[in-house]
**Q** 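Have a look at this one.
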Amino acid sequence: MATTEKTMASVKEARELYELKQKAAQFYAENGVPAKMEDILNSMFYDNPNDVYGHLANYFQGFAQPAKITSVQARSAFDAKGQRTILTDIFCSVNNKTKLLASSVNSSVSPLLSELAKPEELDDEAKDREAGLEAAINIINKEIASRLQGLQPTAQADIDKVITGYIGELKAAEDERIAREAETQANTEGSDNEKKPGSSITKDKPKSGKSNASSKKGGKGGKGGAPVVVVPDEPRERMVAGSVCLSATSQAVCQAGAAADGNEVYEHVAALRFGQAPQQYRMPLPMVTIFQSGRAAPGKSNCVKEYMLVSPPGKLLNESVPKIFAVYNDVVKAIMGKNGSTPNKKAEKIVARNVTDLGALMVSFDRPEQGLDMIQESMTRLGLTPGEDLYLGLNLAGHEIFDYISSVDEKGKYEVVTGQQKAADDVIDFWVDIITRYPAIIAIIDPFRKQEGQQWMSLCEKISEKCYILGDNVWHRPGLLKDEELTDTFRSSGNVYRLEQMNTITNILECAKKTEEAGNETVLSTNIGDTTDVFLADMAVGMNARFLKVGGASRGERVSKLNRLISLELALQGCGTLAPGGDFSFPVITLPPPPEPEEGDAEEAEVKDSPRKK
């Protein structure tokens, strides 16, 4: 009896073992393991690698499942100004293990108010910023983390669409709430007015300032006493609380996608921009701010917000960037010399105190030419030639010096120097004269508001053949601009993009492609409150940006981008994938021809031009 039971048990074990072997064989066959093992074992013998198991690991890694997002976590960090920003971690499942693929600190919020705003306004903006960041962190940790779970970090466009869609939902809900409140308030006011006999609803008179158009009689602005209507700035786009989660998450996902593919960030960005990594990469030319000026700076000169040095095309950054630092340090010595006959502690304190958050020097200029002269004099002392060894660029920020109402007699003009205002037509001649006298200037940013489109185009027609006219504030953010029609009535030589607020990697790349096809150069810029994260340097290389606007020549968060550019240049040069820089190519912009009058308008004009009978 015992023997029979043992026999039956043995038969059962044999059958179970056979079934197990069959299942294992089926499992391995379904996954192609035997065939793959045979292939690699046969080829590896002839390859004779030094690291056998590393060779096997690399081979089988090609058959591994792609990385998938398991969680997204955000928390507070600090930018270079000591302000709160967002640090975003992307965790992915890689080779059956959860790994941290990206830890990204994004400087996603730039101030909307200028430094000249009232203290209470600046306090309110700081509170809104804090509330927005807190909301963004909560959104990332809850809703975005849930929606991105299981997605591949390499699917940048899909992920940007997901997070943009959620913010769109929040914005739609907020718009609906505001509309309901407005309707309720209107109904309440209507009921109150009905209860009061003889009452009537009157509209408030428009207040002076940026909310209304102003006009003036006479003067250059209105010949023959004709009124001049000043077109106000368009209202800023309303941002939903927490919308900064878009740029923060988008950057972190891009870095995670590069890590998942085992590529450098610039290679990953290039694949996103062009569909595949190019054979060669062109280095962006750094735009480095030496002086920060404008209305917030001491002195009377208002019309230049940043005096920048620009690396020349066709020369290695490893050669030109040290020259920029040499000029910066020489200018510092010159300032110290003017504040004291010898470099002393007092002079050092003066210079240190005048380094701005941008990493630039802030000194007192009464004329815009003073900053240009100081830089060119420094270059001469160092044996450098302006317009050959280094070029100049100016950020004019025209919207910041425009006065809607400055006095009873002066309305709607640009205050280029304190107490000296110019109509838009006069500003054209002003900048043409300066650029003619300083031929090393090869780029200006925002010489006018967009509302002065005719003057903008007139300036372009006069100088675009030798100087880039770059648009920053005059263009909508990439998420909107990518869907807008570009016309000949308003053009620029290039566009400045920032990865902040509601801007995503996908939107910037799509917009850059669109504007480049229209003849514009691409400028990628850092933000006001920058961080030491060097992502933007890689992004500029990958998207083939012509310029990278890094800010000042001091402070670690600015210098880190320049160091990264030099490292990338050396790496590309070493592997033979560094493209030649080439010369500047200025897109010539001319005024569009006037529209042909329609049939009815032509007949009316003919009647007006015909001689009158006495």
**Q** If we only count heavy atoms from C-beta on, is the Ser525 to Phe547 side-chain gap below 4.5 Å?
**A** no

**Q** One thing to verify: whether Asp583 and Lys315 come together as a salt bridge, which I'm taking to mean a side-chain N less than 4.0 angstrom from a carboxylate O.
**A** no

**Q** Write down the atom of Gln292, the atom of Ala360, and the distance for their closest heavy-atom approach.
**A**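 Between these two residues, the closest heavy atoms are N-CB, 3.9 Å.
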
**Q** To the nearest 0.5 Å, what is the distance between CD1 (Ile508) and OG (Ser250)?
**A** 7.5 Å

**Q** Is a salt bridge present between Glu415 and Arg295, judged by a nitrogen-to-oxygen distance below 4.0 Å?
**A** yes

**Q** Tell me which one of Phe448, Phe490, Trp431 satisfies ring pair (Phe, Tyr, Trp, His ring centres under 6.0 Å) with Trp456.
**A** Phe490

**Q** With a sphere of 6.0 Å drawn around CD of Gln454, does it hold more than 12 non-hydrogen atoms of other residues, nucleotides or ligands?
**A**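 It does not: Gln454 CD has 12 such atoms or fewer within range.
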
**Q** Are Phe586 and Glu465 packed together at the side-chain level, in the sense that at least one heavy-atom pair is separated by less than 4.5 angstrom?
**A**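 Counting from C-beta outward, Phe586 and Glu465 never come under 4.5 Å.
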
**Q** If you take all heavy atoms of Asp330 and Arg381, which pair is closest and at what distance?
**A**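 In this case the closest contact between Asp330 and Arg381 is OD2-NH2, 2.6 Å.
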
**Q** Hey, could you give me the CD1/CD distance between Ile528 and Glu500, rounded to the nearest 0.5 Å?
**A** 8.5 Å

**Q** Could you grab the distance from atom CE of Met308 to atom CG of Leu390, nearest 0.5 Å is fine?
**A**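 If I round to the nearest 0.5 Å, the distance is 13.5 Å.
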
**Q** Would you check, one step at a time, whether the test side-chain hydrogen bond (donor to acceptor under 3.5 Å, both in side chains) holds for Thr590 with Glu461?
**A** CA-CA 5 Å; Thr590 59; Glu461 188 170 53; 5.0 Å; no

**Q** Any heavy-atom pair between the side chains of Val417 and Asn302 that's under 4.5 Å?
**A**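 The answer is no, as the side chains (C-beta and beyond) never meet within the 4.5 Å cut-off.
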
**Q** Tell me yes or no: between the side chains of Thr489 and Thr487, is some donor less than 3.5 Å from an acceptor?
**A** yes

**Q** Closest heavy-atom contact between Pro284 and Ala540?
**A**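 In this case the closest contact between Pro284 and Ala540 is CG-CB, 3.8 Å.
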
**Q** Taking side-chain hydrogen bond (donor to acceptor under 3.5 Å, both in side chains) as the cut-off, I'd like each qualifying pair that reaches into residues 545-564, sequence neighbours left out, listed once.
**A** Glu264-Arg564, Glu306-Lys549, Tyr328-Ser554, Thr526-Arg558, Asp530-Lys561, Asp538-Arg564, Arg555-Glu557

**Q** So how far is it from Met287 CE to Asn395 CG, rounded to the nearest 0.5 Å?
**A** 8.5 Å

**Q** What are the two closest heavy atoms between Gly582 and Pro313, and how far apart are they?
**A**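 In this case the closest contact between Gly582 and Pro313 is O-CB, 2.6 Å.
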
**Q** Could you walk me through whether Asn495 and Leu470 satisfy the side chain to side chain contact (heavy atoms under 4.5 Å, CB included) test, starting with their C-alpha distance in whole Å, then the side-chain angles of each, then the deciding distance to 0.1 Å, before giving a yes or no?
**A** CA-CA 6 Å; Asn495 301 62; Leu470 306 174; over 6 Å; no

**Q** For Ile435, which of Leu459, Ile463, Leu394 qualifies under side chain to side chain contact (heavy atoms under 4.5 Å, CB included)?
**A**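 Among Leu459, Ile463, Leu394, the one meeting side chain to side chain contact (heavy atoms under 4.5 Å, CB included) with Ile435 is Ile463.
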
**Q** Has Lys514 got more than 12 heavy atoms of other residues, nucleotides or ligands less than 6.0 Å from its NZ?
**A**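 Counting neighbours around NZ of Lys514, more than 12 heavy atoms of other residues, nucleotides or ligands fall under 6.0 Å, so yes.
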
**Q** Got Asn106 and Thr531 here, is their nearest side-chain heavy-atom distance under 4.5 Å?
**A** no

**Q** Evaluate Asn520 against Thr515 for side-chain hydrogen bond (donor to acceptor under 3.5 Å, both in side chains), listing each step before the verdict.
**A** CA-CA 5 Å; Asn520 287 273; Thr515 55; 5.2 Å; no

**Q** What's the separation between atom CD in Gln421 and atom CG in Asp426, rounded to the nearest 0.5 Å?
**A**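 Separation between the atoms: 11.5 Å.
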
**Q** Taking C-beta and beyond as the side chain, do Ser301 and Arg367 meet within less than 4.5 Å on heavy atoms?
**A**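 No, too far: nothing below the 4.5 Å cut-off.
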
**Q** Quick one: which of Ile505, Thr504, Asn507, Leu499 gives a side chain to side chain contact (heavy atoms under 4.5 Å, CB included) with Leu246?
**A** Thr504

**Q** Taking it one step at a time, do Tyr391 and Ser320 satisfy side-chain hydrogen bond (donor to acceptor under 3.5 Å, both in side chains)?
**A** CA-CA 10 Å; Tyr391 288 87; Ser320 62; over 6 Å; no

**Q** Flag this pair as yes if the NZ/CZ of Lys300 is under 6.0 angstrom from the six-membered ring centre of Phe365 and inside a 45 degree cone about the axis; otherwise no.
**A** no

**Q** Measure the spacing between CD of Glu400 and NZ of Lys305 and express it to the nearest 0.5 Å.
**A**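 Separation between the atoms: 3.5 Å.
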
**Q** Salt bridge check: are Lys323 and Asp389 linked by an N-O gap of less than 4.0 Å?
**A** yes

**Q** If we ignore angles and hydrogens, is there a donor and acceptor under 3.5 Å between the side chains of Trp475 and Ser492?
**A**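 Trp475 vs Ser492: donor-acceptor pair found between side chains.
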
**Q** Tell me yes or no: between the side chains of Glu521 and Ser493, is some donor less than 3.5 Å from an acceptor?
**A** no

**Q** Kindly indicate whether the side chain of Ile445, heavy atoms from C-beta on, has any atom under 4.5 Å from the side chain of Tyr468.
**A** no

**Q** Step by step, would you call Glu452 with Tyr414 a side-chain hydrogen bond (donor to acceptor under 3.5 Å, both in side chains)?
**A** CA-CA 11 Å; Glu452 276 71 60; Tyr414 291 85; 2.3 Å; yes

**Q** Taking the side chain as every heavy atom from C-beta outward, state whether Glu130 and Arg84 have any pair of such atoms under 4.5 Å apart.
**A**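 In contact.
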
**Q** Would you tell me whether Ser247 and Gln501 have side-chain atoms, one donor and one acceptor, within less than 3.5 Å of each other?
**A**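 No, no side-chain donor-acceptor pair sits under 3.5 Å.
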
**Q** With a 3.5 Å cut-off and no angle check, do the side chains of Tyr438 and Asp373 form a donor-acceptor pair?
**A**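 Per modelled atom types, Tyr438 and Asp373 side chains form a pair under 3.5 Å.
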
**Q** Using only atom types and a distance under 3.5 Å, with no angle test, would you say the side chain of Tyr307 pairs donor to acceptor with the backbone of Pro368?
**A**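 A pair under 3.5 Å: yes.
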
**Q** Answer yes or no: does atom NZ of Lys482 have more than 12 heavy-atom neighbours from other residues, nucleotides or ligands under 6.0 Å?
**A** yes

**Q** Is there a side chain to side chain contact (heavy atoms under 4.5 Å, CB included) between Val240 and Met502? Walk through the geometry before answering.
**A** CA-CA 9 Å; Val240 181; Met502 291 180 67; over 6 Å; no

**Q** Can you confirm whether Val321 sits close enough to Pro286 that some side-chain heavy atom of one is under 4.5 Å from a side-chain heavy atom of the other?
**A**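 Yes; the side chains approach each other to less than 4.5 Å.
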
